[in-house]
Amino acid sequence: MRSLDSRLPEPDQQGARPTVAIASLGGTITMTSADGGGVAPSLTAEDLLASVPELRTAAVLTTETIRTVPGASLSLTDILEALQWARSAVAGGASGVVMIQGTDTIEETAYLLDLYWGEQAPLIVTGAMRPPQLVSADGPANLLASVRVACAEQACGRGVLVVLNDEIHAASRVRKMRASGLNAFESPSFGPLGYIDEGVPVFGNTFARVSLDLPVPTCAPRVALLETALGDDGELLDLAVGAGFDGVVLSGFGVGHVSSTVAAAVERAAASVPVVLASRTGNGSTYRHSYGFVGSESDLITRGAMIAGWLDARKARILLACLIAGGADGPRIRRELDQRGGLMV
Ligand code: ASP
């Protein structure tokens, strides 16, 4: 990894401006087209900064271009490398960090970073829905808003935050809810933590979070993400286990339901790998004991499934992969899901 770019301003001598470290992994915010065809990642972190002169008055900035890829092509390893970079930036004196990437996978990468982010300093993940060559490209505004949040004292200790469209979201709650449009991101169950108003970050909601007390993964467990649907016969679930996946997250109907046939497959799967049940609605929590039919949430718990609670399936998959990578046993996995899914009593 390259060291932080020294061509950018030296740390403010008077200490008047905080230092913010900015890294880019790619995404639409970096995408251009030379010939009028489809856009592809090309710009560096430094290019992005050059397009927003206001950033220089907000903070002393350092940059790093870690990857120049679409969000879809990011891997667990890329994000863990970015995590390492962010940690060293803070150790080197940055008071906040901004990570730029494709919006397609922000809801997963931000949560992955959040699980291991034990720093007080804010780590902000941002991107853009419109590439820089379009009229009203949102990248510059998102970048400026992110740097402002990264500098804000109220953002400290809140873990990883996702900032787009002048909204501040918790990494564990945010989802990309629309395929396009500036308002693509929402925190469907509880709403955003705050907003950027007249350039000032304002937090209206608080929530508890703790980073994961496990070593950063050195391997990438394979966790299947399956969604049940009308007429599902459970064959895919059997196939996933048979193919050697290390765990499964199953998006069930409503509060965590599947057909009676899938229920039998859940029991078979849970006998050999961790199976986590989430809601395919992506909004609201799975239940525990309200329904009692075959394939209901209470039945699936009896058959060995663990429930994701308020965590959506994608985040539950990231959590399960990290727990497996960290060598967590069944009770530990259950405990972490209970706590992080918000069901701890
Ligand atoms: N549409 C995506 C974005 O907004 C593309 C990507 O994730 O790279 O960045």
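Counting convention: from 1, in listed order, for ligands and their atoms alike. Because the structure is predicted, anything quoted here is derived from the model rather than measured.
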(request) Report the hydrophobic cluster partners of V210, with the cluster defined as I, L, V, M, F, W, Y residues connected by side-chain heavy atoms closer than 4.5 angstrom, directly or transitively. (result) none
(message) Go through it in stages, so that I can follow the logic: the residues are D338 and R334, the test is salt bridge (charged side-chain N to carboxylate O under 4.0 Å, His left out), and I'd like the CA-CA distance, side-chain angles, deciding distance and then a yes or no.
(response) CA-CA 6 Å; D338 280 354; R334 201 176 296 271; over 6 Å; no
(message) Between R280 (side chain only) and T228 (backbone N and O only), is there a donor and an acceptor less than 3.5 Å apart?
(response) yes
(request) May I ask you to list the residues sharing a hydrophobic cluster with M31, side-chain cutoff 4.5 Å, ordered by chain and number? (result) V39
(message) Can you work out which protein residues put a heavy atom within less than 4.0 Å of ligand 1?
(response) G27, T28, M31, P70, G71, G102, T103, D104, A128
(request) Mark yes or no for whether D47, through its side chain, and T44, through its backbone, hold a donor-acceptor pair below 3.5 Å. (result) yes
(message) If the condition is ring pair (Phe, Tyr, Trp, His ring centres under 6.0 Å), which residues does H257 pass it with, not counting sequence neighbours?
(response) Y291, F293
